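Reading through the structure tokens given below for one structure.
We count residues from 1, following the sequence as given. Just so it is clear, the model here is predicted, and its values are computed rather than measured.
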Amino acid sequence: MRRPVQAALLVLSGLALLRGALFSDLYLRYVKAGMRPLLIASGAVLLGLGLAEAWSWYRRKREDGEHPPPRVVWLLFLPVLSLLCYAPPALGAYTAAREAPKSTTTQPQDFDPLPTTSPLPLTLGDFTDRVREDHTKAIRGRTVQMTGFATPAGQGGGWYLTRLIINCCAADAQSVKVRVYGTPSPKSDTWVTVTGVWHPHGTLGTASAEVALNAHTLEKIHRPTNGYADALPLG
């Protein structure tokens with residue numbers, strides 16, 4: 001590969017990283033927020049190396065008889081240009097439908113009393129734990145509110161309110177799902193806030209209890225910036 005091509009690839013790669021991490025929040029589609037400083041530093045280093053390589057090449061006299069790089073080399077620009085011009089979408093229903101829900105201990109635990117707030121804001125993980133592990137059955141009859149995106153449920157009726165959780169990056173994403181009954185399924189990947197009560201199926205506080213909700217209301221929302229966290233509904 002000729003040095004001008006190397007320099008161009010380094011510069012474009014650096015610009016793509018800086019565009020996603022410094023000038024926008026696109027990086028949140030792929031990594032956690034805490035990775036932002038590392039991405040900015042990496043982008044700056046790549047940009048600096050590319051500019052240094054280009055400057056060095058222009059200062060040196062080109063060798064006689066140097067030929068242009070093979071045409072196949074230009075294909076290397078495609079992934080870099082795609083990041084600059086079109087960022088791949090965030091993970092969503094397609095990924096969640098193929099991921100097994102994040103496992104719980106399904107063992108009785110001691111929980112703090114639930115606040116008297118109604119509707120009660122809960123994360124999908126908290127709701128799952130209360131349904132299957134809270135021997136006090138405090139969730140019975142309580143109106144709760146949760147936020148996630150819609151995922152088809154396939155057989156069994158209803159649809160899934162879903163969150164994808166990442167530890168480091170999108171490659172290690174795990175899903176948390178709550179089946180929703182009583183309201184038509186929104187379009188896949190639509191972010192919604194759902195209010196309702198536990199769907200009584202199975203024995204509450206045990207592994208037989210279905211992690212499901214009878215929905216009373218549904219409100220469409222924009223994708224939150226913390227889309228890869230099992231967070232409380234935004235007030």
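Residue W191 comes nearest to P224 through the heavy atom pair CE3-CD, 3.5 Å, listed as atom of the first residue, atom of the second, then distance. Contact record, Y160 with K177: CD2-CB, 3.7 Å, taken as the closest heavy-atom pair. Here the closest heavy-atom approach between residue G196 and residue L213 is recorded as C-CD1, 3.6 Å. Between L46 and S13, the closest heavy-atom pair is CD1-CB, 4.0 Å. P119 and T195 get closest at one heavy-atom pair: CB-CG2, 3.9 Å. When all heavy atoms are compared, the tightest approach of P233 to P121 is CD-CB, 3.9 Å.
Separation of atoms CG (L161) and CG (L218) is listed at 8.5 Å; rounding is to 0.5 Å. Rounding to the nearest 0.5 Å gives a distance of 6.0 Å between CG of L47 and CG of L18. Interatomic distance, CG of L12 versus CG of L17, reported as 11.5 Å (0.5 Å rounding). Between atom CZ of residue R19 and atom OG of residue S24 there is a gap of 6.0 Å, rounded to the nearest 0.5 Å. In this structure, CZ in R140 is found 11.0 Å from CG in D134, a value given to the nearest 0.5 Å. How far CZ of R130 is from NZ of K137: 13.0 Å, rounded to the nearest 0.5 Å.
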For side-chain contact (heavy atoms from CB on, under 4.5 Å), just list the numbers for M146 and L124, CA-CA rounded to whole Å, side-chain angles, deciding distance to a tenth of an Å, and then say yes or no.
-> CA-CA 7 Å; M146 296 179 288; L124 273 64; 3.9 Å; yes
Would you please test V11 and L51 for side-chain contact (heavy atoms from CB on, under 4.5 Å) and show each step?
-> CA-CA 7 Å; V11 169; L51 293 175; 4.1 Å; yes
Step-by-step side-chain contact (heavy atoms from CB on, under 4.5 Å) determination, V192 to I221 | CA-CA 5 Å; V192 295; I221 63 171; 5.7 Å; no
List the steps, then state whether side-chain contact (heavy atoms from CB on, under 4.5 Å) holds for L22 with L39.
-> CA-CA 8 Å; L22 183 60; L39 291 176; over 6 Å; no
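Under a cutoff of 6.0 Å and an axis angle of 45°, R132 and F111 do not form a cation-pi pair.
Test D230, T123, T193 against T147 for side chain to side chain donor-acceptor pair (under 3.5 Å) and you get one pass: T193.
Counting heavy atoms from C-beta outward, W159 and R179 have side chains that stay 4.5 Å or more apart. Counting only heavy atoms from C-beta outward, the side chains of V31 and Y228 never approach each other to under 4.5 Å. Within the 4.5 Å cutoff, no side-chain heavy atoms of Q145 are placed close to those of F127. Between S188 and P152 the shortest side-chain heavy-atom distance falls below 4.5 Å. Using a 4.5 Å heavy-atom cutoff, the side chains of K220 and T190 are in contact. Side-chain contact between V194 and T217 is absent, with no heavy-atom pair separated by less than 4.5 Å. Using a 4.5 Å heavy-atom cutoff, the side chains of V144 and I139 are in contact. Inter-residue side-chain proximity for L204 and W198 is flagged as met; some heavy-atom pair is nearer than 4.5 Å.
Surrounding NE2 of H216 are more than 12 heavy atoms belonging to other residues, nucleotides or ligands, all under 6.0 Å away.
Of the possible donor and acceptor atoms, none in the side chain of R163 sits under 3.5 Å from a partner among the backbone N and O of Q174.
No continuous path of hydrophobic side-chain contacts links L114 to V197 [ILVMFWY only; heavy atoms under 4.5 Å].
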